[in-house]
**Q** 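Okay, here's the structure, questions in a sec.
Starting from 1, each residue takes its place in the sequence as its number.
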Amino acid sequence: MCRVTIDDEVREYPEGTPFLSIAREYSHLYKDDIVLVVFNNKLQELNRTLSADGRLMFITTADSMGRKAYRRSLLMLLEKSVYNLFGTRVMLRVMHSLGQGQYCELMGEERVSEELLSGLQEEMLRLADLDIPIKKSTIHTDQAIEKFRSYGMKDKEKLFRYRRSSHVNLYDIDGFKDYFYGYMVPSTGYLKYFKLQPYEAGFVILFPKEDTRKPAVFETSNKYYHTLMESAAWAGQMKISTIGELNEAITQGRMQEIILLQEAEMEERLGRLAGQIAEQKDKKIIMIAGPSSSGKTTFSHRLSVQLRAHGLTPHPIGLDNYYVDRDKTPLDENGNYDFECLEAIELDLFNSDMQKLLRGEEIILPYFNFKIGKRETRGERLRLGRDDVLVIEGIHGLNENLSYTLPAEAKFKIYISALTQINIDEHNAIPTTDGRLIRRIVRDARTRGTSAERTIEMWHSVRRGEEKNIFPYQDQADAMFNSALIYELAVLKMYAEPLLFNISRESPQHMQAKRLLKFLDYFLPVPADDINKNSILREFIGGSCFHV
């Protein structure tokens, strides 16, 4: 018998009892479906069984890890349904996250019609009603490569050519096998809550969000979609659309050329953006906003260089210098200072200073002293000339409530984010948030002495602030800029892995660290020697020519 502690209650179960059986005993206590468990601080699928004493915690579809497992499993159900209807004539390609959905395309099908999607959704629901077990098996890597080749999955075939592990875990729905990055729900019966909706050249599969038994409403930005697709198209031109293709380029000695081409492409985009601003003579305030670790600081420096090349004189202003004094900072629901809310900024002072500058008056710039938590001044004065522009960087830059008194015609808003343009393979996209989290882990360790454990612990709070203060306003931007580099994770790998390995097995953050280490293991390493000094990547790994 195994002694299992669940919510401080000790129960006994025979060794070999599936976690699924235990979850069913407790399911009536949870509003949402239990899809995974954490046993002795290790994430486990429900089909695994007890083999020792330990502490058990249930993970539902309302939890981040459970939500990811549900979405991942739905994508396999979608893939199986495409295979049932079209065989190998049509291939599913899972691409970008859009809102609460995943954008997909059907390769080999000229047009994705409402009728086609209706039939596909019907087939998915039919398989869900059958409650088919989602089985997991382990085979030799060479066998997996052969199987992927037989399915026509060239990206997976290439991915596993560079895997060090001699074995691969495959998932199986009714004889259809595939590889997925991460854990799955135990059977198709869990996968009833989704919607397929046509969009652009493909379609979006919509997942549940707060209500875990109802697909979310489709909300996205066409600007965001086209920014993603332009970046993916450029990666395709470089023949690096997946990790396998990146690894192939590394082994072929092409990385120096690719790094130079990527930086040249980014500089060309910066130049076009600066030219767009320079052509609009009434634009005097450039507002830059984006989620954490998007490279906003380096971006603002490089954009300023390009603005100078177009005859303008940029003046950077950090919104952080307009913070209210620490004792006036609002508190969050946990009683901690909420530095990310709009009310943490002295809005009246900011608007008053900006209005004076637009009128040609001189102001004394504020400076926020983070050590004492007060706003002070260093006597720095500013007056705008005819060709001068303000470059303002901060998380609320796109929110009209920040600059509510300033004329709309004077503002040019830019949304920047690191939108990963390559995939793991045909059916496994790289979450943009993972790329940014790895950037932040490396930067925080270098510049703030913050451990990877602490950065991961804070990430949920950071993401919550982004959901509230940044993402709702991204469509108000006049321009969007993707700061991701196709090779950056192969470079960051060398910096991030030691930091992640330093997180102990007893830590609550160990599961996240283990997941990120497994993800980084897909990449062959790329040394930083050839990375330009003005590269956005230097903001994270160090060695930038800018003060970042």
**Q** Under the salt bridge (Lys or Arg N to Asp or Glu O under 4.0 Å) rule, collect the residues that match up with E219, sequence neighbours excluded.
**A**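 Once residues adjacent in sequence are excluded, E219 has no partner under the salt bridge (Lys or Arg N to Asp or Glu O under 4.0 Å) criterion.
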
**Q** Can you list the residues that meet the ring pair (Phe, Tyr, Trp, His ring centres under 6.0 Å) rule with H226, with sequence neighbours excluded?
**A**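 Per chain and number, H226 pairs via ring pair (Phe, Tyr, Trp, His ring centres under 6.0 Å) with no residue.
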
**Q** Under 3.5 Å, sequence neighbours excluded: what are the donor-acceptor pairs made by side chains of residues 113-121?
**A**
| residue | atom | partner | partner atom | Å |
| --- | --- | --- | --- | --- |
| S113 | OG | L116 | N | 3.0 |
| Q121 | OE1 | L196 | N | 2.9 |

**Q** Might you point out which heavy atoms bring G290 and I470 nearest each other, and give the distance in Å?
**A**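 Smallest interatomic distance, heavy atoms only, reads O-CD1, 3.3 Å.
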
**Q** Ignoring hydrogens and angles, state whether a donor on the side chain of T141 or R163 is under 3.5 Å from an acceptor on the partner side chain.
**A**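 Judged by distance alone, the side chains do not pair up.
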
**Q** Pairs under 3.5 angstrom only: tabulate donor-acceptor contacts from the side chains of residues 230-238 to other protein residues two or more places apart or in another chain.
**A**
| residue | atom | partner | partner atom | Å |
| --- | --- | --- | --- | --- |
| S231 | OG | T227 | O | 3.1 |
| S231 | OG | N482 | ND2 | 2.9 |

**Q** Is there a donor-acceptor pair closer than 3.5 Å between any side-chain N or O of S461 and the backbone N or O of M458?
**A**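 Checking the backbone N and O of M458 against the side chain of S461, no donor-acceptor pair under 3.5 Å is found.
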
**Q** Contact between M65 and K68 at the side-chain level, heavy atoms closer than 4.5 Å - yes or no?
**A**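 They are not in contact (no side-chain heavy atoms under 4.5 Å apart), so the answer is no.
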
**Q** If I compare all heavy atoms of I456 with all of Q509, which pair ends up nearest, and what's the gap?
**A**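 Distance-wise, the nearest heavy atoms are CG2-OE1, 3.6 Å.
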
**Q** Say whether, by atom type as modelled, one donor and one acceptor occur between the side chain of E426 and the main chain of D155 under 3.5 angstrom.
**A**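 Yes: the side chain of E426 pairs with the backbone of D155.
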
**Q** For T17, give me all partners under side chain to side chain contact (heavy atoms under 4.5 Å, CB included), at least two apart in sequence or on another chain.
**A**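 In terms of side chain to side chain contact (heavy atoms under 4.5 Å, CB included), with neighbours along the sequence ignored, T17 is linked to Y13, P14, S21, I22, L50.
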
**Q** Taking only Lys NZ, Arg NE, NH1 and NH2, and the carboxylate oxygens of Asp or Glu, determine whether R464 and E467 approach each other closer than 4.0 Å.
**A**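 Result for this pair is no, no salt bridge flagged.
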
**Q** For atom CZ of R505, is the number of surrounding heavy atoms from other residues, nucleotides or ligands below 6.0 Å larger than 12?
**A**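 No, CZ of R505 has 12 or fewer neighbouring heavy atoms, counting only those of other groups under 6.0 Å.
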
**Q** Determine yes or no for a side-chain-to-main-chain donor-acceptor pair under 3.5 angstrom, with T212 supplying the side chain and A62 the backbone.
**A**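 Looks like no, no N/O pair under 3.5 Å.
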
**Q** Suppose we screen for ring pair (Phe, Tyr, Trp, His ring centres under 6.0 Å). Which residues come up paired with F180, at least two apart in sequence or across chains?
**A**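 With sequence neighbours excluded, F180 shows a ring pair (Phe, Tyr, Trp, His ring centres under 6.0 Å) to no residue whatsoever.
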
**Q** When you measure from the side chain of K223 to the backbone N and O of M480, does any donor-acceptor pair fall under 3.5 Å?
**A**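 Looks like no, no N/O pair under 3.5 Å.
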
**Q** Restricting to side chain to side chain contact (heavy atoms under 4.5 Å, CB included), what partner residues turn up for E122, sequence neighbours left out?
**A**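 Here no residue qualifies.
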
**Q** Does any N or O in the side chain of N399 come within less than 3.5 Å of the main-chain N or O of Y473, such that one atom is a donor and the other an acceptor?
**A**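 Checked: no pair found.
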
**Q** On a heavy-atom basis, which atom in L516 and which in L437 lie closest, and how many Å separate them?
**A**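 Closest pair (atom of L516, atom of L437, distance): CD1-CD2, 3.8 Å.
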
**Q** Give a yes or no on whether R48 atom CZ has more than 12 heavy-atom contacts from other residues, nucleotides or ligands under 6.0 Å away.
**A**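 No, because the 6.0 Å sphere around CZ of R48 holds 12 heavy atoms or fewer from other groups.
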
**Q** After noting the C-alpha distance and the side-chain angles of E340 and N469, does the key distance pass the side chain to side chain donor-acceptor pair (under 3.5 Å) rule?
**A** CA-CA 8 Å; E340 296 189 342; N469 299 312; 4.8 Å; no

**Q** Once rounded to the nearest 0.5 Å, what's the spacing between atom CD of Q102 and atom CZ of F203?
**A**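 One gets 10.5 Å once the value is rounded to the nearest 0.5 Å.
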
**Q** My understanding is that only residues two or more places apart in sequence, or in another chain, count here; which of them pass ring pair (Phe, Tyr, Trp, His ring centres under 6.0 Å) with Y26?
**A**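 With sequence neighbours excluded, Y26 shows a ring pair (Phe, Tyr, Trp, His ring centres under 6.0 Å) to F58, given in chain and number order.
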
**Q** Salt-bridged, K156 to D178, with N to O below 4.0 Å?
**A**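 Salt bridge flag = yes for D178 with K156.
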
**Q** Identify the heavy atoms of K518 and Y179 that sit nearest to each other, and give their distance.
**A**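 Closest approach of K518 to Y179, heavy atoms only: CE-OH, 3.9 Å.
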
**Q** Any idea which heavy atoms bring Y30 and T60 closest together, and the distance?
**A**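 Looking at all heavy atoms of both residues, the shortest contact is CD2-CG2, 3.7 Å.
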
**Q** Under the 3.5 angstrom rule, does the side chain of R67 hit a backbone N or O of K209 as a donor-acceptor pair?
**A**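 Judged by distance alone, no pair lies under 3.5 Å.
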
**Q** Give a yes or no on whether the backbone of F523 and the side-chain of K493 come within a donor-acceptor separation of less than 3.5 Å.
**A**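 A pair under 3.5 Å: yes.
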
**Q** Can you see whether S187 engages D131 through a side-chain donor-acceptor pair at a distance of less than 3.5 angstrom?
**A**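 Per modelled atom types, S187 and D131 side chains form a pair under 3.5 Å.
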
**Q** Counting only heavy atoms not in R11 (residues, nucleotides, ligands), do more than 12 fall under 6.0 Å from its CZ?
**A**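 Yes, CZ of R11 has more than 12 neighbouring heavy atoms, counting only those of other groups under 6.0 Å.
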
**Q** Would you find a donor on one side and an acceptor on the other, under 3.5 Å apart, between the side chain of R436 and the backbone of S292?
**A**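 Side chain of R436 to backbone of S292, a donor-acceptor pair under 3.5 Å: yes, one is there.
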
**Q** When you measure from the side chain of D7 to the backbone of E9, do you find a donor-acceptor pair of N or O atoms at a distance under 3.5 Å?
**A**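 Such a contact is absent between D7 side chain and E9 backbone.
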
**Q** With no hydrogens and no angle check, do the side chains of R71 and Q100 hold a donor and an acceptor under 3.5 Å apart?
**A**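 Their side chains do contain a donor-acceptor pair, which is all the 3.5 Å distance test asks for.
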
**Q** Between N47 and Y183, does a side chain to side chain donor-acceptor pair (under 3.5 Å) hold up when you go through it step by step?
**A** CA-CA 11 Å; N47 289 328; Y183 290 144; over 6 Å; no

**Q** Kindly compute the distance separating CG (N40) from OG (S51), expressed to the nearest 0.5 Å.
**A**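 If we round to the nearest 0.5 Å, N40:CG and S51:OG are 9.0 Å apart.
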
**Q** Going by side chain to side chain contact (heavy atoms under 4.5 Å, CB included), name the residues that satisfy it together with K158, two or more places apart in sequence or in a different chain.
**A**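 Per chain and number, K158 pairs via side chain to side chain contact (heavy atoms under 4.5 Å, CB included) with R161, Y162, E245, E248.
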
**Q** Taking the side chain as everything from C-beta on, heavy atoms only, tell me whether M266 gets closer than 4.5 Å to I536.
**A**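 In contact.
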
**Q** Sub-3.5 Å donor-acceptor pair from the side chain of H28 to the main-chain atoms of E25, do we have one?
**A**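 Pair found, side chain donor or acceptor close to backbone of E25.
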
**Q** Is K136 atom NZ crowded by more than 12 heavy atoms from other residues, nucleotides or ligands, each under 6.0 Å away?
**A**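 Buried by this count: over 12 neighbours within 6.0 Å.
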
**Q** Quick one, Y181 and I430 - any side-chain contact, counting heavy atoms below 4.5 Å?
**A**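 Side-chain contact under 4.5 Å: no.
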
**Q** Under the side chain to side chain contact (heavy atoms under 4.5 Å, CB included) test, which residues partner K413, sequence neighbours left out?
**A**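 K413 satisfies side chain to side chain contact (heavy atoms under 4.5 Å, CB included) with M287, L398, E400, Q476, D478 once adjacent residues are dropped.
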
**Q** Would E79 and I173 count as a side-chain contact (heavy atoms from CB on, under 4.5 Å) if you check the C-alpha gap in whole Å, the side-chain angles of each, and the deciding distance to 0.1 Å?
**A** CA-CA 10 Å; E79 184 191 355; I173 297 179; over 6 Å; no

**Q** Got D33 and R213 here, is their nearest side-chain heavy-atom distance under 4.5 Å?
**A**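 Yes, side chains in contact.
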
**Q** Give the minimum heavy-atom separation between A201 and E105, together with the two atoms involved.
**A**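 Answer, listing the atom of A201 first, then E105: CB-OE2, 3.9 Å.
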
**Q** Give every residue pair that meets the salt bridge (Lys or Arg N to Asp or Glu O under 4.0 Å) criterion with at least one member in residues 52-64, sequence neighbours excluded.
**A**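 The answer is D8-R55.
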
**Q** Does F481 have any ring pair (Phe, Tyr, Trp, His ring centres under 6.0 Å) partners at least two apart in sequence or in another chain, and if so, which?
**A**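 Here the qualifying residues are F299.
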
**Q** Looking at R126 and E123, is there a salt bridge between them, counting it only when a charged N and a carboxylate O are closer than 4.0 Å?
**A**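 So E123 pairs with R126 through a salt bridge.
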
